[in-house]
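These values consider heavy atoms only, across backbone and side chains, with no hydrogens, waters or symmetry-generated copies.
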Amino acid sequence: MAALHGGIAFEHTVKAGLAKRHPALLADGRDFATMLHAAGLGDQAGAPLAKVKTLGAAEAFRRLRSLLSLSVTERDIDSLLTARNGVAHMGFHDVTQTAEALAQAVAVVDAVLEDIGEGDADFWGPYRDRRHDLLRLQQDSLEEMRRQAIADAAEAAEWEKDPLRALMNSIKPAIEQEREIAEKVLATKIRYAQKLYRICSRQRLYASDMKRLAKMAELRKWAHGDPCNTTRARCPVCGYKDGMIRSRVGEDGGEVIDENVRECFAEMFDCAVCGLELDGGSELSRAGLPIHYYKDMDTGGTFNLPLFH
């Protein structure tokens with residue numbers, strides 16, 4: 001974006017240098033209506049002022065350079081205009097030329113501001129004392145590109161040497177971010193349940209009573225289209241022993257080869273006393289609740305595999 005804004009500032013300042021001498025110097029010589037507007041004869045132009053055609057940046061600079069002594073040449077500003085057009089039309093440019101391009105823009109802008117009697121402090125504002133520190137900008141840019149190239153080469157080598165490890169390393173940041181978010185969500189739910197439990201205790205009520213008073217459903221709806229199994233577990237917040245776990249029922253018994261057994265995966269937990277509501281095996285597991293068990297479809301009983309060991 002620095003190249004884009006630098007190029008725009010360069011063009012507007014150069015045109016200000018021409019307009020200071022006479023507005024007609026901005027007119028595209030091929031458009032007579034524009035020349036009439038610039039000459040103060042807009043009522044005879046036959047086209048509105050909004051449709052005037054002015055010079056491009058390169059031609060404007062060429063004209064100004066013939067009127068003002070500048071150290072920067074037309075060839076010097078080529079990198080600036082190329083970078084500006086690249087960002088404006090294609091969204092990218094050669095970042096190694098950014099500092100050089102901006103240095104030319106700063107030199108021209110300073111010369112024109114002095115020529116037209118405008119203060120550089122008003123134009124540059126807080127960047128007045130930093131506008132010439134472009135060599136460092138270029139060095140920093142090149143160093144960042146070098147570091148990125150080294151990192152890319154190391155990553156490519158790791159993918160070639162050990163693709164599985166490279167894959168795990170590539171997804172590790174996303175996994176870590178997901179873990180942090182899950183922990184924050186769980187902590188928020190637990191704090192809410194603790195606070196509600198304290199309020200309910202003072203009123204000698206359960207959270208389910210509070211829900212009824214608020215005309216809310218005592219128990220959330222099962223969130224999945226699959227069959228649901230319910231079992232009980234102790235609440236990790238208030239200790240209520242009959243907190244409800246609802247689980248998705250699998251199609252078979254998993255590791256248990258028995259046509260009457262189904263594998264169950266815990267998806268939701270609700271406590272009627274403190275109002276704790278957990279969703280997904282990840283939250284239940286982090287709260288210390290069981291997330292996997294088996295159900296005997298004949299007796300309705302539930303068990304875990306260690307019972308068979």
Side-chain angles (χ1 to χ4, degrees), residues 1-13 57-58 61 71-110 120 123-191 265 278-288 291-292:
M1 294 305 292
L4 176 63
H5 293 303
I8 293 173
F10 165 84
E11 180 174 353
H12 287 181
T13 307
F61 178 74
S71 59
V72 179
T73 67
E74 295 173 28
R75 185 174 181 177
D76 292 333
I77 67 165
D78 183 65
S79 60
L80 171 65
L81 298 183
T82 299
R84 184 201 65 172
N85 293 337
V87 176
H89 300 299
M90 294 182 290
F92 72 92
H93 74 100
D94 185 352
V95 295
T96 63
Q97 297 183 0
T98 298
E100 177 187 353
L102 293 179
Q104 305 302 344
V106 170
V108 172
V109 168
D110 280 347
D120 58 358
F123 183 87
W124 293 109
Y127 302 99
R128 181 186 185 189
D129 297 331
R130 299 170 56 191
R131 67 185 189 274
H132 295 298
D133 194 15
L134 298 171
L135 178 59
R136 182 176 179 181
L137 172 65
Q138 186 177 40
Q139 291 173 340
D140 290 346
S141 176
L142 292 174
E143 178 61 23
E144 178 59 29
M145 292 178 64
R146 186 186 71 83
R147 287 196 295 266
Q148 187 60 50
I150 293 174
D152 290 344
E155 183 179 355
E158 185 177 12
W159 275 97
E160 184 174 350
K161 181 180 179 180
D162 191 342
L164 180 58
R165 182 179 179 181
L167 175 62
M168 294 304 298
N169 287 337
S170 69
I171 64 177
K172 189 182 297 182
I175 294 175
E176 180 63 22
Q177 183 181 36
E178 183 178 346
R179 183 189 64 79
E180 291 179 0
I181 293 174
E183 289 180 351
K184 289 179 180 178
V185 170
L186 177 61
T188 300
K189 289 185 175 183
I190 289 176
R191 285 196 300 270
F265 306 90
L278 301 178
D279 299 277
S282 178
E283 287 188 5
L284 272 70
S285 176
R286 283 184 168 86
I291 60 171
H292 177 254

- request: State whether the number of non-hydrogen atoms from other residues, nucleotides or ligands found under 6.0 Å of Glu176 atom CD is greater than 12.
  value: yes

- request: Provide the closest heavy-atom pair for Leu186 versus Ala287 in the form atom of the first, atom of the second, distance.
  value: CD2-N, 4.1 Å

- prompt: Is a donor on one side and an acceptor on the other found under 3.5 Å between the side chain of Glu283 and the backbone of Asp279?
  reply: yes

message: Using 0.5 Å steps for rounding, measure from the CD atom of Glu178 to the CD1 atom of Ile171.
response: 10.0 Å

salt_bridge(Arg179, Glu183) N-O dist < 4.0 Å: yes

